[in-house]
Amino acid sequence: MGVPGEDVGTLKDAGQVSALTGGLGWTQHSAGAPGQAEAGDRMGASLAEGLVGVPGENDGRGMVISGLGGTGPVTGFAALEPHAGDQFGAAVG
């Protein structure tokens, strides 16, 4: 479950992703998570099987995270030619 409006410490709307069972949750401060939690990242704004959208990452350039909570590597993907405000990752699936 994505919670894009979740504050992480003092970082407003940094976002998080929570598993529906097992009490697990991740932010960009979690071990192995790519990027750095920043205000307005909105991690979890979109979700699909194994993918997490972070459309506010890096001044709204955006990012998609693959592999959180799995047994393989966790990877962050960005647009090929990112621009501020692109919001890559606003929709995944």
Side-chain angles (χ1 to χ4, degrees):
M1 176 172 69
V3 190
E6 182 70 19
D7 297 343
V8 177
T10 60
L11 302 172
K12 184 151 180 63
D13 297 335
Q16 77 173 35
V17 176
S18 299
L20 293 177
T21 59
L24 298 174
W26 299 268
T27 70
Q28 285 185 277
H29 284 322
S30 298
Q36 181 66 30
E38 301 162 318
D41 278 352
R42 301 192 49 77
M43 179 182 183
S46 59
L47 301 171
E49 186 74 28
L51 300 173
V52 176
V54 190
E57 178 73 11
N58 295 331
D59 296 322
R61 287 171 174 80
M63 174 174 66
V64 173
I65 298 173
S66 173
L68 272 180
T71 57
V74 177
T75 306
F77 299 93
L80 293 176
E81 294 184 28
H83 299 92
D86 283 350
Q87 295 191 353
F88 183 79
V92 296

**Prompt:** If every non-hydrogen atom of D7 is compared with every non-hydrogen atom of D13, which pair is closest and at what distance?
**Reply:** OD1-N, 2.9 Å
**Prompt:** For P34, does its backbone N or O pair with a side-chain atom of Q28 as donor and acceptor, under 3.5 Å?
**Reply:** yes
**Request:** Flag the pair E57 / R42 as yes when at least one side-chain heavy-atom distance between them is below 4.5 Å, and no otherwise.
**Result:** no
**Prompt:** Does M43 reach the side chain of L68, with side-chain heavy atoms less than 4.5 Å apart?
**Reply:** yes
**Message:** For a quick test of reading the model, state the closest non-hydrogen atom pair linking S46 to G89 and the distance between them.
**Reply:** OG-O, 2.5 Å
**Asked** What about V3 and L11, same hydrophobic cluster or not, with Ile/Leu/Val/Met/Phe/Trp/Tyr joined at side-chain heavy-atom distances under 4.5 Å?
**Response** no
**Asked** Within the side chain of S18, is there an N or O that forms a donor-acceptor pair under 3.5 Å with the backbone of M1?
**Response** no
**Asked** Between T27 and A33, which heavy-atom pair has the shortest distance, and what is it?
**Response** O-CB, 3.6 Å
**Item:** Minimum-distance pair of heavy atoms, taken over all atoms of G25 and S30
**Value:** O-OG, 4.2 Å
**Item:** Co-members of the apolar cluster containing L80 [side chain, <4.5 Å]
**Value:** none
**Request:** First locate atom CD of E38, then atom NE2 of H29, and finally report the distance between them rounded to the nearest 0.5 Å.
**Result:** 9.0 Å
**Request:** Check F88 against F77 and note the closest heavy-atom contact, atom names and distance.
**Result:** CE2-O, 3.5 Å
**Message:** Same cluster or not: V92 versus V17, using hydrophobic residues (I, L, V, M, F, W, Y) connected whenever any side-chain heavy atoms lie under 4.5 Å apart?
**Reply:** no
**Message:** Tell me whether I65 shares a hydrophobic cluster with L24, the cluster being built from Ile, Leu, Val, Met, Phe, Trp, Tyr side chains joined at under 4.5 Å.
**Reply:** yes
**Item:** Inter-residue atom distance L51.CG - T75.OG1, 0.5 Å rounding
**Value:** 10.5 Å
**Request:** Of all the heavy-atom pairs spanning W26 and A19, show the shortest one and how long it is.
**Result:** CZ3-N, 4.1 Å
**Asked** Are side-chain heavy atoms of Q36 and D41 found at a separation under 4.5 Å?
**Response** no
**Prompt:** Rounded to the nearest 0.5 Å, what separation is found between the CG atom of L47 and the CD atom of E49?
**Reply:** 10.5 Å
